[in-house]
**Q** 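Okay, handing you the structure first.
Letters go in sequence order (proteins before strands), and every chain restarts at 1.
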Number of protein chains: 2
Amino acid sequence: MEVYSKRRGETARDYALRVLKGNIISLDLMPGTAISENELATELGISRTPVREAVIELAKAYLIEIYPQRGSFVSLIDPKMVEEARFLRRITDTAVIEAACDEIDEKGIAALEDNVSLQEFYLSKGMTEKIFDLDNKFHKGIYEAVKKDIVYEIHSTLMIHFDRVRTLSVETVKDFKVVGDHRKMLEAIKAGDKVTAAQLVEKHLNRYQIDEKEIRSQRPEYFKA
Amino acid sequence: MEVYSKRRGETARDYALRVLKGNIISLDLMPGTAISENELATELGISRTPVREAVIELAKAYLIEIYPQRGSFVSLIDPKMVEEARFLRRITDTAVIEAACDEIDEKGIAALEDNVSLQEFYLSKGMTEKIFDLDNKFHKGIYEAVKKDIVYEIHSTLMIHFDRVRTLSVETVKDFKVVGDHRKMLEAIKAGDKVTAAQLVEKHLNRYQIDEKEIRSQRPEYFKA
DNA sequence: GCAGGAATGGTAGTATACAAGTCTGACCAT
DNA sequence: ATGGTCAGACTTGTATACTACCATTCCTGC
């Protein structure tokens, strides 16, 4: 596991949470790995209490499974969870992008424009490792533009189920059509074209569904059933 | 605050969580009330640790606001939060009821039928206090029928923002048109009529929007801005 | 009477100690 | 060789102690 350094002013709990989330998404903590609260506390140089609080939060999002008196483990990739996350993401992304077509302002457009341009830049330079973060921020930007930032926040932890598949996806498929998707979405928003925007969301999310089957055959030990 | 008794086998943390949630929904813990972790621990006969874990979970859902070294307070009713919760509920309820129109099975229909019949019974007998729980279970039943129970679970804590307004609504408005709504929804699902089903969801949720303005004028001290 | 500062009591955040259950492996009896 | 059992080293759950910080209050000095 990769241990980041603690930021100034960051509480011990937020620190533990940041490290856990990051390593689960990146698969440095592979699905199925045992998580020892004591061991993790020692590694991070903090006590068990804040570590435990972070573990509980991730367990609430089904990213860690806690078996009392036995142990805690990073959840295996559960196709049902991924499917529910994808379902949720599809319907909220669709509703939000449609709202954006109606009510986005200049500032919101400018923020998205900057983001997509940067993605295109990194893609052209082959610095594809930068794109993952920008991808998330692009979608977050749409939510913020229509004042639904709490909805994004509430869903973000759950979407890690999705992110893990995406991590495997970029590892194995090396497919960056997503950048083109983002550009088209932005153009649809600017044009106020709800129908096209909604279709793009659908298509965008389907990319990962296709990948999943391929990944599953390559890494069956990461999957639940 | 009403202190329920601890169930056998229930962990101290779940116990604290159940008591807090229940009292926040029922408004026995009024918006703005100070929550002392120490005091609550004493009242429940458990230690601060599980109480604190419960408080943190509710803070994640914006139901409690924690000010470090100063205190924790039950959140005031925030119109933006209520609006985001309503938005989320509208789009997910709509998507789920449309899915139910296509894929619900006999067992799912039977469960909903039992629920609605019971609502109608209690309504006819004037036992309206029973309806609140049945209302929740009706909607949960639809999610389960289309295998989206995690989505329901993830949203349930956030929907307490909504539930508080509903609690005030039944206190002040005494309007049980919702039972009729549920009957109509069920009939639409049985008929596989997506368009009608979606319209009913919209209408159903709008009831609370109308109430909110009335409630707000009666209890301004519960509201944020 | 009033302004300022120190003492006081309270809070959440963190650390540590203890309780209760589970698994493993050694060891002994059959 | 096999099966049972018991000790010990884990685990999470809970309790308690301590720390740093904030707000109020009350006393002091003017």
**Q** Taking 4.0 angstrom as the limit, do A/D163 and A/K21 come out as a salt bridge?
**A** no

**Q** Kindly indicate whether the side chain of B/T49 and the base of D/dT16 share any N or O donor-acceptor pair separated by less than 3.5 Å?
**A** yes

**Q** For B/S75 and B/R164, work out which heavy atoms get closest and say how close.
**A** O-NH1, 2.8 Å

**Q** Rounded to whole angstroms, how far apart are CD1 on A/I64 and C1' on D/dT11?
**A** 15 Å

**Q** Please list residues of residues 2-13 of chain B whose heavy atoms come under 4.0 Å from any atom in DNA chain D, ordered by number; otherwise none.
**A** B/T11, B/A12, B/R13

**Q** What is the distance, to the nearest angstrom, from the CD atom on B/E57 to the P atom on C/dA12?
**A** 17 Å

**Q** For DNA chain C, whose closest nucleotide is more 5', that of A/G45 or that of A/R70?
**A** A/G45

**Q** Take the protein atom CD of A/E37 and the nucleotide atom P of C/dA17, then report the distance between them rounded to whole Å.
**A** 17 Å

**Q** For the pair made of CG in B/N38 and C1' in D/dC18, what is the distance, rounded to whole Å?
**A** 13 Å

**Q** Under 4.0 Å between a Lys/Arg side-chain N and an Asp/Glu carboxylate O for A/E57 and A/K60?
**A** no

**Q** Quick one: label A/I35 by what it contacts on the DNA or RNA (base, sugar-phosphate, nothing), any heavy atom closer than 4.0 Å.
**A** sugar-phosphate

**Q** Any side-chain N or O of B/S47 below 4.0 angstrom from OP1/OP2 of D/dT14?
**A** no

**Q** Taking atom NE2 of B/H161 and atom CG of B/D78, what is their separation to the nearest 0.5 Å?
**A** 8.0 Å

**Q** Under 30°, 30 to 60°, or over 60°: which ring-plane class applies to B/H182 and B/H139, parallel, tilted or perpendicular?
**A** perpendicular

**Q** Provide, to the nearest angstrom, the distance between the CD1 atom belonging to A/I46 and the C1' atom belonging to C/dA15.
**A** 11 Å

**Q** Side-chain N or O of B/S72 less than 4.0 angstrom from OP1 or OP2 on C/dA12?
**A** yes

**Q** Would you indicate which nucleotide in D/dT16, D/dT14, D/dC21 comes nearest to any side-chain atom of B/Q69?
**A** D/dC21

**Q** Can you tell me if A/R52 touches the phosphate of D/dG13, counting only side-chain N or O atoms and a distance under 4.0 Å to OP1 or OP2?
**A** yes

**Q** For the pair made of CZ in B/R48 and P in C/dG13, what is the distance, rounded to whole Å?
**A** 8 Å

**Q** If you round to the nearest 0.5 Å, how far is CD of B/E83 from NZ of A/K148?
**A** 5.5 Å

**Q** Between B/H155 and A/H155, what is the ring plane arrangement, given parallel below 30°, perpendicular above 60°, and tilted in between?
**A** parallel

**Q** Is NZ or CZ of A/R18 both nearer than 6.0 Å to the six-membered ring centre of A/Y4 and within 45° of the ring axis?
**A** no

**Q** Kindly compute the distance separating CZ (A/F73) from OG (A/S36), expressed to the nearest 0.5 Å.
**A** 10.0 Å

**Q** Output the rounded distance in Å from CD1 (A/I66) to P (D/dT14).
**A** 11 Å

**Q** Mind calculating the distance between OH (A/Y67) and C1' (C/dA20) to the nearest angstrom?
**A** 20 Å

**Q** Regarding A/E10 and A/K6, does a basic nitrogen lie under 4.0 Å from an acidic carboxylate oxygen?
**A** no

**Q** Measure from the side chain of B/P68, starting at C-beta and using heavy atoms only, and say which of D/dA15, C/dA15, C/dG13 lies closest.
**A** C/dG13

**Q** How sharply is the helix from C/dG1-D/dC30 to C/dT30-D/dA1 bent, taking the axes over five pairs at either end and rounding to 10 degrees?
**A** 30°

